[in-house]
Amino acid sequence: MQPPQSESELMQRAADLAGFTLGEISHEHGIACPADLSREKGWVGMLLETCLGATAGSKPEQDFAHLGIELKTIPVNAHGKPLETTFVCVAPLTGISGVQWEHSHVRHKLSRVLWVPVEGERTIPLAERRIGTPLLWSPSREEDAQLRADWEELMDLIALGRVNDITARHGQYLQLRPKAANSHALTDAFGAKGEPIKTLPRGFYLRTQFTHHILSRFFVS
DNA sequence: GACTGATCATTG
DNA sequence: CAATGATCAGTC
């Protein structure tokens, strides 16, 4: 699948997927559908990238850089409520002095997002889960301010060398949690006295309350 | 039932 | 190891 040339082409492709099951879509593309996601947690996201023509790979940029759009699949229940938090990006633990919200990776990633809801209840076999109506979102002024407040709180703690004091309980809408292969993975950071330390890699995640708010903005009921 | 900390696959 | 794609699963 070639990358979409325009925003409208991307939206049309995404809209055309709505209502189909993951089994139908993966079959069309000759991709095997696993029984569950326990060993392939990113399978749905990768499938949608393929279907929509996103540039594959592990580049730290938006999925559709030429359109300035990031693709996010989000698991929802029958009522459209998110079942999981949404990973945004890894958190920088070194070299962060002087970094401001306006230039952060979080803000850049979330500046324009194509959300694709997908049924995610584990009682539904993966192949039978349906793709929902896509929505193209940009943060409102209020949403931007909410994310900024959490981001600044978390980044301040990191800058103070207190990364090991941060738990998933910090941040009202944006939280910081481990983002690693396992609990033994270590990366560089700084301690409270400025000394170099090794710690778990972290990532920024959007709480379900926040993403639920986004989805409900589009599906007024 | 919600939430946090842990984890899985794959590619450079 | 770090980045991409996220969900799992035990505990509260």
Side-chain angles (χ1 to χ4, degrees), chain A residues 1 3 14 22 25-26 29 31-65 69-79 81-96 104-106 108-110 113-127 129 131-132 150 154 163-189 196-213:
Chain A
M1 181 71 75
L22 296 179
I25 298 298
S26 59
H29 289 265
I31 297 171
C33 182
D36 60 72
L37 296 175
S38 63
R39 291 199 170 278
E40 295 181 66
K41 297 179 181 179
W43 186 82
V44 178
M46 301 297 280
L47 175 66
L48 268 292
E49 281 189 354
T50 299
C51 294
L52 297 175
T55 314
S58 56
K59 295 177 221 143
E61 57 185 39
Q62 292 163 316
D63 296 296
F64 302 97
I69 295 174
E70 171 76 9
L71 172 68
K72 288 285 179 200
T73 58
I74 183 166
V76 297
N77 67 13
H79 304 293
K81 184 180 173 186
L83 294 168
E84 293 287 347
T85 53
T86 301
F87 172 70
V88 180
C89 61
V90 294
L93 301 181
T94 59
I96 59 175
S104 67
H105 289 306
V106 173
H108 184 244
K109 280 258 180 184
L110 297 180
V113 179
L114 176 61
W115 297 96
V116 181
V118 178
E119 288 180 334
E121 285 172 312
R122 297 180 204 177
T123 54
I124 308 175
L126 185 59
R129 297 182 193 175
I131 298 172
D150 288 338
L154 293 166
V163 61
N164 285 332
D165 294 339
I166 300 175
T167 74
R169 295 168 187 78
H170 288 82
Q172 189 173 359
Y173 301 106
L174 187 72
Q175 60 180 179
L176 195 75
R177 306 218 308 277
K179 168 62 175 171
N182 54 58
S183 61
H184 300 299
L186 294 173
T187 192
D188 295 322
I197 62 172
K198 288 287 190 179
T199 191
L200 215 48
R202 314 299 166 98
F204 288 108
Y205 296 79
L206 296 176
R207 293 184 183 276
T208 55
Q209 183 194 348
F210 189 83
T211 49
H212 188 194
H213 166 77

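Labels below follow one simple rule: chain letters A, B, ... track the order of the sequence lines, proteins then strands, and each chain is numbered from 1.
Note on A:Arg122: a base of the nucleic acid sits closer than 4.0 angstrom, heavy atoms only. Within the 4.0 angstrom heavy-atom criterion, no nucleotide atom of any strand lies near A:Asp36. A:Gln209 comes within 4.0 angstrom of no nucleic acid atom, judged by non-hydrogen atoms across all strands. Residue A:Lys198 is classed as having no contact, given no heavy-atom separation below 4.0 Å to the nucleic acid. In this structure, A:Gly45 reaches the sugar-phosphate backbone alone: every heavy-atom distance under 4.0 Å involves primed, P, OP1 or OP2 atoms, never a base. Within 4.0 Å of A:Leu186, counting heavy atoms only, lie sugar-phosphate atoms of the nucleic acid but no base atom.
The residue among A:His184 and A:Arg207 whose nearest nucleotide of DNA chain B is located toward the 5' end is A:Arg207. Each of A:Ser183 and A:Thr85 lies near DNA chain B, and the nucleotide nearest A:Thr85 is the one positioned closer to the 5' end.
Neither OP1 nor OP2 of B:dG5 sits under 4.0 Å from any side-chain N or O of A:Arg202. Contact between the side-chain N/O atoms of A:Arg39 and the OP1/OP2 oxygens of C:dT7 is not found at any separation under 4.0 Å. The side chain of A:Lys109 contributes an N or O atom lying less than 4.0 Å from OP1 or OP2 of C:dG5.
Spacing between atom NZ of A:Lys41 and atom P of B:dA6 amounts to 13 Å, rounded to whole angstrom units.
Counting all heavy atoms, side chain and backbone alike, A:Arg129 lies closest to A:Glu119 at CD-O, 3.0 Å.
Here the rule is side chain to side chain contact (heavy atoms under 4.5 Å, CB included) with A:Val44, and of A:Leu37, A:Val116, A:Ile74, A:Ile131 only A:Leu37 fits it.
Residue side chain A:Lys72 does not reach the base of C:dG5 through any donor-acceptor N/O pair under 3.5 Å, judged by distance alone.
Contact annotation: the side chain of A:Leu47 never approaches that of A:Thr73 to less than 4.5 Å [non-hydrogen atoms, C-beta and beyond].
For A:His170, the NE2 atom sits in a packed shell: over 12 heavy atoms of surrounding residues, nucleotides or ligands are nearer than 6.0 Å.
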